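What follows is a single structure, written as structure tokens, with notes after it.
Order of the sequence lines fixes the chain letters, A, B, ..., with proteins taken first and strands second; residue numbering starts at 1 for each chain. No experiment lies behind these values; they were computed from the predicted model shown.
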Amino acid sequence: MNPTASQASIVSITNVTKDYTLGKVVVPALRGVDLEVHAGEFISIAGPSGSGKTTLLNLIGCVDTATGGVVRVAGQDTKQLTERQLTNLRLNTIGFIFQSFNLVQVLSVFQNVEFPLLLQRKLDKAQRRERVMQLLEQVGLASHAKHRPNELSGGQRQRVAVARALVTRPQLVLADEPTANLDSVTGQNIIDLMKELNQKEGTTFIFSTHDAKVMSHANAVVRLADGKFLDRISAAEASRVMAAGGH
Amino acid sequence: MGQLRLLLQVAFRNLFSSKINLLIGGIIFFGTLLVVVGGALMDSMDSAMSRSIIGSVAGHIQVYSDDSKDPLALYGSMSGEPDLAALDDFSQLKPFLEKHPNVKTVVPLGTSGAIITSGNTVDLTLSNLRELYKKRDEAGETPELRESIDSVKGHVRQMVNLMADQTARSEQELGGAQKDPAEVKALAQARTDAFWDAFEEDPYASLELLENRIAPQIPDGDMLELRYAGTDLDAFQRTFDRMEIVDGQPVPTGQRGMLLSKFFYEEFLKMKSALRLDHIKQERDLNQKTIATDPELQRWVKENQVQTREIIFQLDPVKTRKMVERLQKLLGSQEPALDTLLTQFFTTDDANFDTRYAQFYSELAPLLELYRLRMGDVLTITAFTRTGYMQSVNVKVYGTYQFKGLEKSAMAGALSLMDLMSFRDLYGYLTADKKAELAEIQQQSGLEALSRDEAEEALFGEASDNVLVAEATSTDVDDQAAFIGDQGALTRENLLQRVYTQQEIEQGVALSAAVMLKDPELLEQTMVELRQAAKDAGLKLRVVSWQEAAGIIGQFVLLGKMVLYFAVFIIFVVALVIINNAMMMATMQRVREVGTMRAIGAQRSFILGMVLVETLVLGLVFGAAGSLVGSGIMALLNSAGIPAGNEALYFFFSGPRLFPTLSASNLVAAFVIVLGVSAISTLYPAFLATRVSPLQAMQTDE
Ligand SMILES: Nc1ncnc2c1ncn2[C@@H]1O[C@H](COP(=O)(O)OP(=O)(O)OP(=O)(O)O)[C@@H](O)[C@H]1O
Ligand SMILES: [Mg+2]
């Protein structure tokens with residue numbers, strides 16, 4: 001749908017493997033995956049449980065390192081970066097939306113969203129305020145800025161998380177099953193919100209999900225099976241496959 | 001800036017959101033409270049105690065001869081009197097010490113001890129009678145004298161009767177107990193009318209029989225240890241300004257004389273029955289004890305009921321009659337026997353005690369000698385040399401003294417005071433007087449070397465008006481100074497009247513010098529400087545602080561402090577472990593939160609800062625609360641005071657109540673310790689927190 005499909009790739013994964021070692025047993029979670037994601041894409045990662053979706057997202061999100069192969073995020077080979085540099089990459093280039101929202105309980109909605117900006121130390125107080133309020137406006141929670149997370153519903157909390165992920169204007173937002181803890185209508189709303197931001201801001205989204213309805217919003221669905229890249233299909237195709245009973 | 005504010009905000013909000021934080025906070029709170037209150041109490045007690053020691057006899061610094069075998073111990077040591085070398089001429093030492101700009105006053109001192117043996121009541125009465133006969137022989141008989149003689153004679157006769165009755169009674173009870181037949185015979189003889197009818201024919205012979213055969217049958221003489229300090233009494237009074245005269249008067253300037261410690265006077269020289277009443281009253285009034293519940297009070301009551309002889313023997317027939325009348329009236333009784341009446345009177349309980357106490361002092365005491373020594377009496381103190389020679393000194397007791405606030409302290413009351421001249425005589429250093437006296441005696445009678453037995457015989461066999469005879473335990477008496485005789489005693493009588501100049505007092509031997517400082521803060525420095533000055537001047541002196549000079553007592557304080565520091569150390573090690581564990585748990589609970597922060601871009605340093613700031617806030621908030629409550633407690637204690645309860649504590653409290661104060665240094669110390677402990681105990685948990693992986697953000701527990 002997006003005409004900029006031919007733009008520079010923001011994520012470039014080549015022959016990536018990931019092994020987990022549980023005691024003496026080696027569990028291969030990814031067994032040579034290739035993936036190219038371009039700026040502005042809205043991509044869903046699908047696959048049966050245990051197929052390696054979370055593992056793949058963790059590698060892209062620079063919170064874990066690959067056993068083999070190359071992971072490039074925003075043009076940088078993550079293997080070459082130090083712990084500090086990886087952290088800075090996460091701070092400035094990537095936004096995270098978690099399955100269970102992961103807000104800081106003792107901070108207000110406003111403070112949670114402001115948090116990455118404070119870590120960045122780029123904006124002054126007034127600028128931060130403007131940016132935070134703008135995002136809260138966009139996720140429809142401007143009136144809840146002073147609330148604490150535990151005073152919000154699950155959907156509202158995930159909206160706050162979306163705002164927090166986007167407040168630094170990252171190039172890439174990663175979301176591992178962002179709707180799994182929400183009912184289907186609320187989940188639908190979150191995906192709509194993400195889609196809207198993708199289109200307005202041009203932010204690249206990669207999210208994983210089991211839900212066919214959620215998948216249908218994506219530009220493309222990347223299917224994994226047993227730690228391997230299966231195929232890359234359109235959302236419409238994916239719906240058909242799902243309806244046919246496959247994954 | 002924004003980050004720090006965020007950290008503080010997170011820290012403050014976490015403060016009350018986690019139970020673990022409350023636990024840690026509680027430990028910090030009580031830890032601070034303990035350090036503030038415990039530290040302040042210890043410091044206050046330490047300074048109270050140092051006030052006691054410094055203000056009673058030690059001064060800030062003590063200076064004594066470096067030739068001494070033992071260290072100076074003003075309050076005595078485990079091994080008895082320390083063996084000190086004398087300072088030969090105090091008048092040279094004084095200006096040397098006073099040269100130092102921080103020295104305020106210098107007082108010469110010499111402490112020593114003597115065993116006092118007090119004669120029994122029969123002895124005292126007999127010597128009284130002998131005096132009267134002597135007076136008659138010298139001045140002739142007057143009707144008043146005759147009456148006195150008859151009264152005392154009646155008294156003696158009554159005592160003999162009482163003794164015979166008691167002997168008979170105990171013989172009945174115990175069967176034919178071993179008894180010296182000569183004694184039995186003497187007692188029987190002394191009871192006969194014939195003996196008393198013939199008394200006047202040769203009163204001295206009759207007295208001798210009573211003194212040698214009858215009096216020794218009563219074993220109620222006491223052996224007491226008298227510790228005394230020889231000093232320049234005026235300088236002492238000026239320097240130790242807590243000292244006050246209680247009974248009698250100060251020793252006139254320049255004269256020989258003694259001031260007994262009031263505590264010693266009460267505890268050891270007062271009639272036991274009266275002393276026990278005083279003790280019971282004090283325990284009831286001060287410590288809220290009751291006769292009904294306290295075994296010690298019950299024991300005292302019992303002893304008063306049984307031990308009535310001290311009172312009965314004191315009374316001559318006239319006073320006995322009066323006493324019986326008064327007791328009968330007080331008790332509403334027809335009982336004729338005095339001992340039964342006394343036993344009834346001393347049968348006290350919580351209901352009648354206060355009345356009986358008041359009655360004792362208003363009705364009975366006027367008929368009694370409450371103390372075995374009166375102000376103005378002359379005390380003979382005797383010292384034996386190593387080779388068995390003997391030195392005795394007569395000292396007039398002018399009064400009793402005490403240190404304000406330390407009235408009940410056995411420790412502060414341990415020393416009686418004596419003029420330096422008497423002290424020097426006794427200690428065996430020849431004063432000018434002594435030399436002259438010695439020369440005179442040698443001229444008149446030739447010096448006789450006496451064995452100890454002979455000397456004793458000579459002393460105790462001699463009639464004198466001395467009530468008490470003391471044997472000094474000093475061993476340094478100059479052998480040449482041993483002499484005894486009527487002439488000597490006469491000369492000594494005159495010595496009691498002599499007035500010495502300040503120069504005479506100071507020129508001569510002292511054992512140590514007490515130095516009072518202008519600025520006590522400079523104690524250590526002044527000591528170092530005095531040591532150096534002594535070295536430079538070629539004086540062989542030891543300069544020690546009051547703490548060292550106090551001997552065992554000084555070490556008690558040190559010990560107490562060490563125990564406290566050790567306790568604090570243990571408590572903090574325990575706190576360290578607990579806080580450390582609690583912090584680990586707190587960190588574990590926050591793994592997801594920390595992981596999330598790491599995932600969205602927080603560096604490890606940020607996490608470290610977060611944990612440390614939280615600890616700091618925790619420490620400050622609860623530490624401040626602890627300090628505040630601690631200060632409140634100290635303020636309360638300061639206004640109310642802590643009662644000493646038992647007498648041993650008076651010395652440590654520098655009075656009957658300790659009014660502890662809180663100094664800024666206590667608060668600072670508490671804060672530093674608490675923050676230090678919490679910082680140290682968070683280091684490892686904080687390190688662990690920085691090792692939390694961003695992956696742990698995805699953990700789906702909670
Ligand atoms: N920390 C780990 N230690 C060991 N094995 C792991 C670990 N994380 C994942 N695995 C294994 O790696 C494989 C891929 O797991 P992953 O979580 O990526 O699958 P997934 O597609 O996200 O599954 P789901 O849909 O259930 O979330 C699985 O076989 C899993 O058991
Ligand atoms: Mg998964």
Side-chain angles (χ1 to χ4, degrees), chain A residues 20 54-55 57-59 61-65 82-108 111-125 127-129 148 150 161 164-165 167-168 170 173-174 176-177 180-181, chain B residues 1-22 25 586-611 613-615 617-618 621 687 689-702:
Chain A
Y20 288 109
T54 299
T55 307
L57 279 171
N58 285 346
L59 294 181
C62 303
V63 293
D64 207 352
T65 48
T82 64
E83 163 68 33
R84 276 192 83 80
Q85 288 169 321
L86 285 173
T87 306
N88 275 326
L89 189 68
R90 292 199 297 271
L91 175 60
N92 297 313
T93 314
I94 306 171
F96 284 89
I97 298 168
F98 302 90
Q99 182 180 330
S100 22
F101 328 133
N102 292 28
L103 299 177
V104 180
Q105 294 298 325
V106 295
L107 296 181
S108 69
Q111 285 171 319
N112 265 286
V113 178
E114 190 191 25
F115 194 88
L117 295 178
L118 284 166
L119 292 176
Q120 277 189 327
R121 300 179 194 242
K122 282 180 188 159
L123 303 180
D124 66 26
K125 197 178 171 183
Q127 290 170 317
R128 289 199 302 266
R129 183 168 184 81
R148 291 286 187 89
N150 59 6
R164 180 179 65 183
V167 76
T168 56
V173 172
L174 303 175
D176 192 9
E177 306 197 29
N181 281 3
Chain B
M1 191 57 217
Q3 252 189 38
L4 186 70
R5 245 197 42 220
L6 179 83
L7 286 183
L8 285 175
Q9 225 149 16
V10 171
F12 270 108
R13 291 187 185 168
N14 267 329
L15 216 55
F16 298 102
S17 69
S18 149
K19 276 188 186 134
I20 292 178
N21 276 350
L22 286 181
T587 308
M588 291 308 147
Q589 278 192 353
R590 293 175 65 190
V591 157
R592 212 165 77 99
E593 184 183 301
V594 172
T596 305
M597 289 178 179
R598 292 282 286 125
I600 64 180
Q603 295 286 0
R604 282 181 173 158
S605 55
F606 177 88
I607 303 298
L608 183 73
M610 181 173 81
V611 178
V613 166
E614 278 187 30
T615 312
V617 166
L618 201 69
V621 166
F687 168 78
T690 65
R691 298 291 121 177
V692 169
S693 153
L695 274 175
Q696 287 171 280
M698 281 72 158
Q699 285 175 350
T700 41
D701 51 35
E702 201 185 338

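In this structure, A:L117 CG and A:R164 CZ are separated by 12.0 Å, a value rounded to the nearest 0.5 Å.
Taking chain A as the reference chain and counting heavy-atom pairs below 4.5 Å, the highest number among B:G601, B:S693, B:A602, B:P694 is found for B:G601. If you tally non-hydrogen atom pairs under 4.5 Å between each of A:D124, A:V106, A:D176 and chain B, the highest count goes to A:V106. For the options A:L86, A:N181, A:N102, A:L89, heavy-atom pairs under 4.5 Å to chain B are most numerous at A:N102. No other option in A:L119, A:T54, A:L107 has as many heavy-atom pairs under 4.5 Å with chain B as A:L119.
Only the side chain of B:R604 comes within contact range of chain A, with heavy atoms under 4.5 Å apart. For A:N58, the part lying near chain B is the side chain, with the backbone staying farther off; criterion is any non-hydrogen pair under 4.5 Å. If you measure heavy-atom distances from B:Q603 to chain A, the contacts under 4.5 Å come from both the backbone and the side chain.
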- [ ] May I have the step-by-step check of side-chain contact (heavy atoms from CB on, under 4.5 Å) for A:V167 and A:E114, ending in yes or no?
- [x] CA-CA 8 Å; A:V167 76; A:E114 190 191 25; over 6 Å; no
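A:Q105 and A:N150 share no donor-acceptor pair across their side chains, judged by distance under 3.5 Å alone.
The salt bridge (Lys or Arg N to Asp or Glu O under 4.0 Å) search around A:D64 returns A:K18, not counting sequence neighbours. Among residues two or more places apart in sequence or in another chain, the salt bridge (Lys or Arg N to Asp or Glu O under 4.0 Å) test is passed with A:R148 by none.
Without hydrogens or angle criteria, A:Q111 side chain to A:S108 main chain gives a donor-acceptor distance under 3.5 Å.
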